[in-house]
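Just so it is clear: chains get the letters A, B, ... in the order the sequence lines come, proteins before strands, and each one is counted from 1. Any value given below was found using the heavy atoms of this structure, including those in side chains, with hydrogens, waters and symmetry copies removed.
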Number of protein chains: 2
Amino acid sequence: MGSPMYRQIAEDLREQIESGAIRPGQQLRTELELRDHYGASRNTVRDAIKWLTTLGLVETKPGQGTFVVQKIDPFVTTLTADPKRPGGNKVVAPSADGYGEIDRSQLAGQRKLTVSDPQVEIQKAVDPIAAQLQVAAGSQVVSRHQKRYIDGTPWSLQTSFYPMGFVLKSADRLIEASDIAGGTVQYLADTLGLRQVGYRSRMLVRAPDATEAYFFNIPQDGRVQVCEILETGFDQTGTPMRLTVSIFPTDRNQFLVNVGDVPEDEPEESKT
Amino acid sequence: MGSPMYRQIAEDLREQIESGAIRPGQQLRTELELRDHYGASRNTVRDAIKWLTTLGLVETKPGQGTFVVQKIDPFVTTLTADPKRPGGNKVVAPSADGYGEIDRSQLAGQRKLTVSDPQVEIQKAVDPIAAQLQVAAGSQVVSRHQKRYIDGTPWSLQTSFYPMGFVLKSADRLIEASDIAGGTVQYLADTLGLRQVGYRSRMLVRAPDATEAYFFNIPQDGRVQVCEILETGFDQTGTPMRLTVSIFPTDRNQFLVNVGDVPEDEPEESKT
DNA sequence: GGGTATTTGTCCGTATGTATT
DNA sequence: AAATACATACGGACAAATACC
């Protein structure tokens, strides 16, 4: 084998994990035991474990040991909800600021979604936000930021941006740091006559920043990335009326896109 | 500071990178120079670089040095194409097996998409595939596998699965290892009267396996993950007629989802 | 092509710190 | 308090890849 020793050790451990010889949640032998077992140095064993860590197969806990990762039962978000967003959505986040509908069958199980009170700020629109909202760079926008949890687990960070002009008209509840019953989209329709007739989401995957890693309790070793979704809502004139930026850690989230006529969702298990 | 030294070094380098003091593509000082500069050991400097590597900020090249990563101009795929998929799609992959339409404005630039001839196999449906196609586990299915490139860069791996029964009827071109003009969806409509009236995509992000890492030329350090999309197509009776599994490396791909009425796409730059 | 210098990759041994039990 | 296990940091040696002459 031309491959270095730490890779061979990692490969051996990987086969044990994927064959089920070491079960999820189970502890691996300690670094010193592995060092003796493979006849390598402790540093080399650590290189092997580090390799498996980046592959997302194991995690290390100081003072405890190295464990095979437990896959989190993924939460599934449907990105193609009704754009007109009637208040009567079957099951939806209590204050989803306009973001994708929550999958029914997940909540039919006993998962409980909680949302923090929005943190409202008035900011100057920086480049990507101004471009998406089609307002002048540097002009003022309202940002409403929320933390969302499921069963107490941090699930997503969400920030919605609205042009400050909405507030100067009659939509002054946008700058209140409290939930808007029925959702802001409905509120803007009621107060300003802005109907959201559609939206476009752009998805990308990147490494989390420090804030995100802290909130989601993501191990700082970079094996878990985040999915960033920029959702721009358009009113009946085709003008952007809303930009929602959502961050989802990829270790606990999946997404659905429905196009055309599809049968009812049934996301049993498809761990791939 | 309670933070370890290698993190402090990494933080110092990170600020230099994100402030633009070290430009994308530019080479960092060598490990030995950094060791002298920070008064640390070479291994500690290497830990700092390794940390930046997992953050996706730098990449190391043996024999050459450490470089600030160049972001790849992302290719944007629209996941919500017309489900009826008429042959007259404005711009579409020459043999897109039914996968999402290709964004126009990208090809309007001079990016050129090429697709390998399909690699056709007859397999027994394993669990997740059988479940999605709603066929008995262990029954035979046709798989058509393709490699897709843009401007010569590996862009996605795509495998479509069809029930073997389609071939036993008149759709025998499914098992030919050559392109089907107009796409297989259109072909199935012509031969079997199966109209695809909709599809559902499930997206998830995971670490690449060895095959994927090799094909996409992903650095083996695990900082680049892949997006896996399972797209199930349904015919006019609501029965699954197709399962397409697509793999996209996340360092060069973004995705669009359009819902309702949205204006024309204009994915200028939004590097986030 | 060959040889050499440079640079990162691998591997070792050791010591000490920190978190957990 | 003590033991255990992983985290950090050092220094050294050699290998492998690349660039340059």
Do the side chains of Thr244(B) and Gln158(B) get nearer than 4.5 Å, heavy atoms only?
yes
What do the steps show when you test His145(B) against Glu121(B) for side chain to side chain contact (heavy atoms under 4.5 Å, CB included), and what is the final call?
CA-CA 8 Å; His145(B) 176 78; Glu121(B) 293 180 2; over 6 Å; no
OP1, OP2 of dG9(C) versus side-chain N and O of Arg46(B): anything below 4.0 Å?
yes
Round to a whole Å and report the spacing from CG of Leu34(A) to C1' of dC6(D).
12 Å
Kindly check if the number of other-residue, nucleotide or ligand heavy atoms within 6.0 Å of OH (Tyr149(A)) is above 12?
yes
Is a donor from one side chain sitting under 3.5 angstrom from an acceptor on the other, for Gln8(B) and Asp12(B)?
no
Are Ile247(B) and Phe216(B) side-chain neighbours, meaning at least one heavy-atom pair lies under 4.5 Å?
yes
Under-4.0 Å side-chain N/O to phosphate OP1/OP2 contact, Thr66(B) with dT8(C)
yes
Atom pair distance, as rounded to whole Å: CD in Glu31(B) and P in dT10(C):
11 Å
For the rings on Tyr6(B) and Tyr38(B), is their centre-to-centre separation under 6.0 Å?
no
Separation of Leu32(B) atom CG from dT8(C) atom P, in whole Å?
7 Å
Quick one: Phe67(B) CZ to dT6(C) P, roughly how many Å, whole number?
16 Å
Let me have a per-nucleotide readout for nucleotides 16-21 of chain D, 5' to 3', with B, S or -, counting only protein heavy atoms under 4.0 Å.
-BBS--
By the Watson-Crick or G-U definition, both distances under 3.5 Å, dA2(D) is matched with dT21(C)
Find the distance Leu28(B):CG to dT7(C):P and express it as a whole number of Å.
13 Å
Separation between OG of Ser143(A) and CD of Gln119(A), rounded to the nearest 0.5 Å
7.5 Å
Nucleotide dT8(D), atom C1' - distance to CH2 of Trp51(B) in whole Å
13 Å
Look for any protein N or O under 3.5 Å of an N or O in nucleotides 12-17 of chain C and output each such pair with its distance, or none.
{"residue": "dC12(C)", "atom": "OP2", "partner": "Ser41(A)", "partner atom": "N", "Å": "2.9"}
{"residue": "dC12(C)", "atom": "OP2", "partner": "Ser41(A)", "partner atom": "OG", "Å": "3.0"}
{"residue": "dC12(C)", "atom": "OP2", "partner": "Thr44(A)", "partner atom": "OG1", "Å": "2.2"}
{"residue": "dG13(C)", "atom": "N7", "partner": "Asn43(A)", "partner atom": "ND2", "Å": "3.4"}
{"residue": "dG13(C)", "atom": "O6", "partner": "Asn43(A)", "partner atom": "ND2", "Å": "2.7"}

Take atom CZ of Arg29(B) and atom P of dT6(C), then tell me their distance rounded to the nearest Å.
18 Å
Side chain to side chain contact (heavy atoms under 4.5 Å, CB included) between Lys147(A) and Leu157(A), worked out
CA-CA 5 Å; Lys147(A) 302 170 172 55; Leu157(A) 286 169; 3.7 Å; yes
Determine: side-chain N/O of Thr30(B) to OP1/OP2 of dT6(C), distance under 4.0 Å, yes or no.
no
Let me know the distance between CD of Gln27(A) and P of dT21(C), rounded to the nearest Å.
11 Å
Gap separating the CG atom of Asn253(B) from the OG atom of Ser156(B), nearest 0.5 angstrom:
7.0 Å
